[in-house]
A.B. asks: 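Got a structure for you, questions after.
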Amino acid sequence: MGRLSPTFVEWLMGLPAGHVTTVPGLSRSAQLKALGNGVVPQQATAALHFLTPAALPARTAA
């Protein structure tokens with residue numbers, strides 16, 4: 001069975017190549033931990049677009 005590649009996880013999350021994998025001194029395990037604790041940017045954007053209108057008070061026309 002193969003091992004999970006941090007480069008693949010980086011790509012799968014939509015991060016720029018090397019965003020985590022080129023940080024000096026990070027082991028493969030540390031890279032996977034950082035990626036596993038990260039947020040997928042596209043999902044965060046979607047959540048903000050969905051949740052922001054609900055969090056803002058309704059405005060009335062003046």
A.B. asks: Report the residues that fulfil side-chain contact (heavy atoms from CB on, under 4.5 Å) with S29, sequence neighbours left out, ordered by chain and then residue number.
C.D. replies: S27
A.B. asks: Going by side-chain hydrogen bond (donor to acceptor under 3.5 Å, both in side chains), name the residues that satisfy it together with Q31, two or more places apart in sequence or in a different chain.
C.D. replies: none
A.B. asks: Taking only residues two or more places apart in sequence or in another chain, which ones pass side-chain contact (heavy atoms from CB on, under 4.5 Å) with T22?
C.D. replies: none
A.B. asks: According to side chain to side chain donor-acceptor pair (under 3.5 Å), does anything in residues 32-47 pair up with another residue at least two apart or in another chain? List the pairs.
C.D. replies: none
A.B. asks: Starting from V20, walk the hydrophobic network (Ile, Leu, Val, Met, Phe, Trp, Tyr; side-chain heavy atoms closer than 4.5 Å) and list everyone else you reach, by chain and number.
C.D. replies: L4, F8, V9, W11, L12, M13, L15, V23, L26, L32, L35, V40
A.B. asks: Please list all pairs meeting ring-ring contact (aromatic ring centres under 6.0 Å, His included) that have one or both residues in residues 20-55, counting only residues at least two apart or in different chains.
C.D. replies: none
A.B. asks: Between E10 and H19, what is the shortest heavy-atom contact and its length?
C.D. replies: OE2-N, 2.9 Å
